[in-house]
Amino acid sequence: MTLDLNFVRNQFPALAGDFIFMDNAGGSQAAKSVAERINDYLLNSNVQLGASYEISRIATARVNEAPQMTAQFINAKDPSEIIIGPSTTLLIRLIASSLSQSILKSGDEIIVTNCDHEANIGAWNELQKNGIIIKRWKLNPETFRLEIEDLLKLLTEKTKLVAVTHTSNILGTLNPIKQFAKIVHSYGSLICVDGVAHAPHRMIDVQDTDVDFFAFSFYKVFGPHLAMVYGKKELLLKMPGICHFFVQQDNIPYKFQPGSPNYELSYGLLGIQDYFNSFAEAHNFRGKSFRENTAFVYNIISDYEEKLAEKLVGYLNTKRNVKIIGETSFDKKKRVPTISFVVKDKTSDSVTLLIDKEKIGIRYGDFYARRLIDDLGLSSKNGVVRVSLLHYNTMDEVDKLIGAFEKIL
Ligand SMILES: Cc1ncc(COP(=O)(O)O)c(C=O)c1O
């Protein structure tokens, strides 16, 4: 089944202009259905939740739909395992801090990588103040992969948590998270996965991969500026919350969501569900559930994105002065279309600034994966040039980008 690009692009009003969006790993465009839900909430049900009057009951039901939809989206057993908050960075901080007051103790070891976004490194580094020992799992700079044999050298009976990305926001490489989780669990340790760069491209299944914590940001998955972290129920119940004294410890996720969460954006999340459902329908698929539709949609978009990657990676591989930082393959089993590279004798900013003139939005820098860029010796280049594609990009757009690169590379 091929992707109906006309249908897709019509769902994103921002794509109607002549600007080409290729900084999607920074943030995707929002689906029209998301904006409509936010609008509807603010104009028709903008009252405080939890009261007995009719509109408040409607508003409460609307906001409560967000964790239910998210639980299906990631295949969590229960919506109470979904904590919604403003950003992945803040939510991982919350998990780290709460674990340090419960499950973790001085002398325990945590393994972090050198290729994660700082959100899944810094939060754990902080715990050194409490006597936690941090070990570093470094990427193999030849293969640009996190090697399992290197992880095995770091794991001990003192390891209590491994923090690792599902997909690097620079390399685009898919990590075998299910395999990582199995190994990590065999040492009695937990695993916390950053799924931010993964979620826009592949279906998430927290039960199948058996991860303990999993975070991603909705603003990269066609939604509003909100994020979520999943935690296994038995863990969340043991971890202290940050809410008022009268909010019981078994009240999850509420004990982790103090104050009034962003109601309109929470309701806006349902627009992501609308988008996936209407996508499936437009491609003549009517699954029995949102989850079934999600599986169908991700299958189509990953096939299509592989073709986009084939074109761009294929082009970059022909350039002798270009080094791809990550997989040099376009194979969808190995990577997503987040493609980074450096150019011999040119800094990454100088390349990107010329592309800006063509009304194409790409980006250079370290993308907050500062340790990766430092360890690969790419700071002096001002990081990498990153082109991050989504299924709403067209072959024609990739051709235009290649045409623009041709003038420079
Ligand atoms: C891989 C990855 N992890 C975490 C984050 C941080 O997300 P947030 O802005 O929601 O904190 C980003 C943002 O770019 C990211 O790309």
Side-chain angles (χ1 to χ4, degrees), residues 3 5-32 167-172 196-197 200-201 217 219-222 225 301-302 304-328 330 332 335-369 373 378 381-409:
L3 177 120
L5 203 50
N6 235 355
F7 164 80
V8 165
R9 290 185 69 89
N10 279 333
Q11 310 315 306
F12 294 90
L15 304 181
D18 58 357
F19 194 84
I20 298 178
F21 294 92
M22 293 189 169
D23 179 28
N24 297 298
S28 72
Q29 291 310 301
K32 185 167 60 183
T167 298
S168 151
N169 64 338
I170 288 191
L171 309 166
V196 174
H201 307 285
S217 310
Y219 70 92
K220 318 241 188 195
V221 194
F222 330 119
H225 280 84
I301 67 179
S302 58
Y304 176 74
E305 288 179 350
E306 185 181 47
K307 294 201 187 85
L308 295 176
E310 178 176 8
K311 184 159 252 200
L312 185 57
V313 169
Y315 166 74
L316 293 171
N317 279 334
T318 64
K319 293 277 141 191
R320 294 182 58 191
N321 56 346
V322 166
K323 181 172 168 58
I324 294 182
I325 304 301
E327 281 291 338
T328 52
F330 56 83
K332 78 172 210 173
R335 68 141 60 244
V336 300
T338 299
I339 300 156
S340 301
F341 62 93
V342 287
V343 184
K344 196 163 179 237
D345 300 329
K346 287 191 197 303
T347 57
S348 296
D349 52 326
S350 69
V351 175
T352 306
L353 294 174
L354 290 172
I355 299 296
D356 285 351
K357 297 195 170 83
E358 312 276 338
K359 288 191 157 186
I360 303 176
I362 60 168
R363 197 165 177 148
Y364 70 90
D366 62 30
F367 304 96
Y368 282 22
I373 295 300
L378 298 177
K381 282 209 140 323
N382 267 335
V384 293
V385 180
R386 185 181 76 179
V387 180
S388 51
L389 306 171
L390 271 179
H391 69 283
Y392 54 54
N393 288 118
T394 67
M395 287 291 176
D396 194 40
E397 288 179 332
V398 178
D399 279 335
K400 284 199 180 119
L401 177 68
I402 290 174
F405 279 150
E406 262 308 88
K407 296 185 209 161
I408 308 166
L409 303 181

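Any value given below was found using the heavy atoms of this structure, including those in side chains, with hydrogens, waters and symmetry copies removed. These numbers come from a predicted model, not from an experiment. Index from 1, following the sequence.
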From [X] atom [atom1] to [Y] atom [atom2], the distance as rounded to the nearest 0.5 Å:
X: Asp23; Y: Arg386; atom1: CG; atom2: CZ; value: 5.5 Å
X: Arg363; Y: Asp356; atom1: CZ; atom2: CG; value: 10.5 Å
X: Asp396; Y: Leu401; atom1: CG; atom2: CG; value: 11.5 Å

Can you check whether [X] reaches [Y] side chain to side chain, under 4.5 Å on heavy atoms?
X: Gln29; Y: Leu15; answer: yes
X: Thr167; Y: Arg335; answer: no
X: Leu389; Y: Glu305; answer: no
X: Tyr304; Y: Val8; answer: no
X: Val387; Y: Leu312; answer: yes
X: Ile339; Y: Phe330; answer: no
X: Asn169; Y: Val196; answer: no
X: Ile408; Y: Ile355; answer: yes

Take atom OH of Tyr315 as the centre, draw a 6.0 Å sphere, and report whether it contains more than 12 heavy atoms from other residues, nucleotides or ligands. yes

Are the side chain of [X] and the backbone of [Y] linked by a donor-acceptor contact shorter than 3.5 Å?
X: Asn393; Y: Phe21; answer: yes
X: Lys381; Y: Val343; answer: yes
X: Thr338; Y: Gly172; answer: no
X: Thr347; Y: Asn382; answer: no
X: Lys220; Y: Gly26; answer: yes
X: Arg9; Y: Tyr392; answer: yes
X: Ser340; Y: Ile325; answer: no
X: Ser168; Y: Ile170; answer: yes
X: Gln11; Y: Lys32; answer: no

Evaluate the ring planes of Tyr219 and His225, with Trp represented by its six-membered ring, and classify them as parallel (under 30°), tilted (30 to 60°) or perpendicular (over 60°). parallel

Over all atoms of both residues, closest heavy-atom pair of Leu316 and Ile324: CB-CD1, 3.9 Å

Starting from the C-alpha separation in whole Å, work towards a yes-or-no answer on side chain to side chain contact (heavy atoms under 4.5 Å, CB included) for Met395 and Lys311. CA-CA 8 Å; Met395 287 291 176; Lys311 184 159 252 200; 3.9 Å; yes

So, using salt bridge (charged side-chain N to carboxylate O under 4.0 Å, His left out) as the criterion, who are the partners of Lys319 when residues are at least two apart? Glu406

